[in-house]
Number of protein chains: 2
Amino acid sequence: MQRKLLIVEDEPDIAHLVQKHLQDAGYDADIASNGAAAMELFRKNSYQLVILDLMLPDTDGLTLCRKMRSAEEYVAILMLTAKSTELDRVLGLEMGADDYLTKPFSVPELMARIKALFRRIDALKEDTKGITEQASIERGGLYIDVNKRSVQVEGELVDLTAREFDLLLFFARHPGRVFSRIQLLDKVWGYNHDGYEHTVNSHINRLRSKIEQDPSEPQYVLTVWGVGYKFRDQRSDA
Amino acid sequence: MQRKLLIVEDEPDIAHLVQKHLQDAGYDADIASNGAAAMELFRKNSYQLVILDLMLPDTDGLTLCRKMRSAEEYVAILMLTAKSTELDRVLGLEMGADDYLTKPFSVPELMARIKALFRRIDALKEDTKGITEQASIERGGLYIDVNKRSVQVEGELVDLTAREFDLLLFFARHPGRVFSRIQLLDKVWGYNHDGYEHTVNSHINRLRSKIEQDPSEPQYVLTVWGVGYKFRDQRSDA
DNA sequence: CGTAATTATCACAAAACAATCACAACTGCA
DNA sequence: TGCAGTTGTGATTGTTTTGTGATAATTACG
């Protein structure tokens, strides 16, 4: 997954230095040199992390921080500040920063913090996942346990590889809906994956040989001729 | 239902900062600035969650934690610790904290964890299964004494290092569930630990050489290819 | 019924991943 | 401080999975 960050910093040298390192590390980073530009970019894009300098020409950083915090989606905020008094820290935390770094900082340290922040965000998402996504799915004679990554067909455990499981899980979460091979590559393999469409065929083939009673007459993953594949819908047939 | 929490923290700035945010979020939070006050409030009120600083002027946090744990009703405990080394110990000792956070922490993260904790508490109450905090765990030929931090395989005592024990305990508490190396680093090593994923491999390797009859054909800690590791589920095989 | 287009199957090499080992850095402790 | 044990990391080897090419089977449609 691509991680998008926004750097809010008025000193171009610093901003570009940071941007360059972030790009080297595989992140996608935009720059805003003042508060107004920052809010504009922020509203237009969805960032996962904002690196925010407290001292800005127009707005002050704390206001900006609060504004971003009030947005729908959660963004991590890493504050950069010149001073390092305890008051500053508490203030920054109160405003909702997730981490804090005082200038001058070292690039390796910044990168380490960013990495750590992303990790924490991911861990949190993992915790929160329970509400939106179900831990187990039952469809016909198929039972999928997401946490255990185990699959049972008619009560019998079958052993799937990581890809096979991900593929099956994706299908089972969208029963009845047809997906093209490209869509499957995007959703299951990942957006930046490049490869041949017929790779999907092979995986479907292998998956069927494991979960289907009679792979030539599939019950779960069906071929939609000229389009792609779909998971059989409970009621509607064919 | 009103959620009552107790903040045990000797730095007034932090205590009030947290209290303010909790109130904003609709919780009812009391503050205790030392261990004695904490126990007094704890006995008089019934809290659902205690946010507990490890470093306190009079008592140490662990003792407090144990005392609260021994109360009739179950309370969730979220620990705040200063360093990550200290945190290892806490986790290792399994004094019964439900979650932890290292200082300096960010308010959004704290709030997220509190929410997640309440969700877990609710889910637990539903189940009525009080099996979460057991002093000993038996799984197959494996016997783990949490308090003594000792492990027996087929009645034979084996000598594990701190990490090995923590790792095994974590697995044994979540049998069947698959964890990625990153998740293990987060849960066993600590959220802000940074290191290489393949460190986990080495520890699994060493752990296996101690507890497995035939490390090349593990009975307890199984590899899930392309994903991570899991503890063998009772019934399910392979 | 024949043909072109699409999908299924299979085998294999390459890539991704995991296990292992050795060693240096670190830890707690006497 | 020095020591013994523990832990993290690099390097190497071994294993499983996965993508891909080739080919066979199936489908749509004139």
Side-chain angles (χ1 to χ4, degrees), chain A residues 112 149 158-168 178-186 188-190 192-212 214-230 238, chain B residues 83-93 149 151 158-168 170 178-186 188-190 192-212 214-230 238:
Chain A
R149 291 180 72 87
V158 291
D159 213 46
L160 299 186
T161 69
R163 266 297 139 75
E164 285 158 9
F165 181 87
D166 291 341
L167 190 59
L168 177 61
V178 183
F179 296 96
S180 73
R181 280 158 245 274
I182 300 232
Q183 284 179 307
L184 291 170
L185 281 175
D186 279 351
V188 178
W189 272 253
N192 48 0
H193 175 88
D194 66 327
Y196 293 73
E197 282 188 43
H198 99 280
T199 292
V200 177
N201 296 22
S202 277
H203 281 270
I204 296 270
N205 186 30
R206 285 193 274 251
L207 179 60
R208 278 175 177 164
S209 76
K210 290 183 181 180
I211 65 168
E212 300 284 3
D214 173 10
S216 69
E217 196 70 35
Q219 297 304 300
Y220 300 110
V221 180
L222 311 182
T223 303
V224 181
W225 231 82
V227 187
Y229 300 94
K230 73 169 181 181
Chain B
K83 295 168 295 174
S84 57
T85 47
E86 187 182 323
L87 151 80
D88 287 349
R89 166 115 311 150
V90 176
L91 259 192
L93 287 174
R149 292 179 68 82
V151 173
V158 291
D159 213 45
L160 299 186
T161 69
R163 270 290 140 80
E164 284 158 9
F165 182 86
D166 291 343
L167 192 57
L168 178 62
F170 180 76
V178 181
F179 296 95
S180 72
R181 288 169 183 73
I182 298 226
Q183 285 179 309
L184 291 169
L185 282 174
D186 279 348
V188 178
W189 272 254
N192 51 359
H193 174 88
D194 69 327
Y196 291 72
E197 286 187 40
H198 97 281
T199 293
V200 177
N201 296 25
S202 279
H203 282 268
I204 296 270
N205 189 28
R206 286 192 273 253
L207 178 59
R208 276 176 178 164
S209 75
K210 291 183 181 180
I211 65 167
E212 300 283 3
D214 173 10
S216 69
E217 196 71 35
Q219 298 303 302
Y220 300 111
V221 180
L222 310 183
T223 303
V224 180
W225 247 85
V227 187
Y229 299 94
K230 71 170 179 184

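Numbered from 1 within each chain, the chains take letters A, B, ... in sequence-line order.
If you take NZ of Lys210(B) and C1' of dT7(D), they are 11 Å apart, rounded to a whole angstrom. Residue Glu217(A) contributes atom CD, which lies 12 Å from atom P of dA8(C) at whole-angstrom precision. Rounded to whole Å, the distance from CG on Leu184(A) to P on dT7(C) is 12 Å. At whole-Å resolution of the value, CZ in Arg181(A) and P in dA8(C) are 7 Å apart. Regarding Ile204(A), its CD1 atom lies at a distance of 15 Å from the C1' atom of dT18(D), rounded to whole Å. Rounded to an integer number of Å, the gap from Trp225(A) CH2 to dT7(C) P is 6 Å. Rounded to whole angstrom, the span from the CG atom of Leu207(B) across to the P atom of dA18(C) amounts to 17 Å. Asn205(B) places its CG atom 14 Å from the P atom of dT7(D), with the value rounded to the nearest Å.
For Ala162(B), whose side chain is taken as the heavy atoms from C-beta onward, the closest listed nucleotide among dA19(C), dA8(C), dT7(D) is dT7(D).
Atom CG of residue Leu168(A) and atom CG of residue Leu160(A) lie 6.5 Å apart, to the nearest 0.5 angstrom.
Between the side chain of Arg208(B) and the backbone N or O of Val221(B) there is at least one donor-acceptor pair closer than 3.5 Å.
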With the criterion being N/O to N/O and under 3.5 Å, what pairs connect the protein with nucleotides 19-23 of chain D, and how long is each?
residue : atom : partner   : partner atom : Å
dG19(D) : OP1  : Arg163(A) : NH1          : 2.6
dG19(D) : OP1  : Trp189(A) : NE1          : 2.7
dG19(D) : OP2  : Trp189(A) : NE1          : 3.4
dG19(D) : OP2  : His203(A) : NE2          : 2.3
dG19(D) : N7   : Arg206(A) : NH2          : 3.1
dG19(D) : O6   : Arg206(A) : NH1          : 3.3
dT20(D) : OP2  : Tyr196(A) : N            : 2.9
dT20(D) : OP2  : Thr199(A) : OG1          : 2.9
dT20(D) : O4   : Ser202(A) : OG           : 3.0
dG21(D) : N7   : His198(A) : NE2          : 3.1

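Note on ring orientation: taking the six-membered ring where Trp is involved, the planes of His198(A) and Tyr196(A) are perpendicular (angle over 60°, cut-offs 30° and 60°).
Here Asn201(A) does not reach the OP1 or OP2 of dT7(C): none of its side-chain N or O atoms lies under 4.0 Å away. The side chain of Thr223(A) contributes an N or O atom lying less than 4.0 Å from OP1 or OP2 of dA8(C).
Side-chain contact annotation: Arg163(B) with Thr199(B), donor-acceptor N/O pair under 3.5 Å absent. In summary, the side chains of Tyr229(A) and Arg181(A) do present a donor paired with an acceptor at a separation below 3.5 Å, with no hydrogens or angles considered.
The two residues Lys210(A) and Val158(A) have their closest heavy-atom pair at O-CG1, 3.7 Å.
Atom CG of Asp214(A) has more than 12 neighbouring heavy atoms from other residues, nucleotides or ligands inside a 6.0 Å radius.
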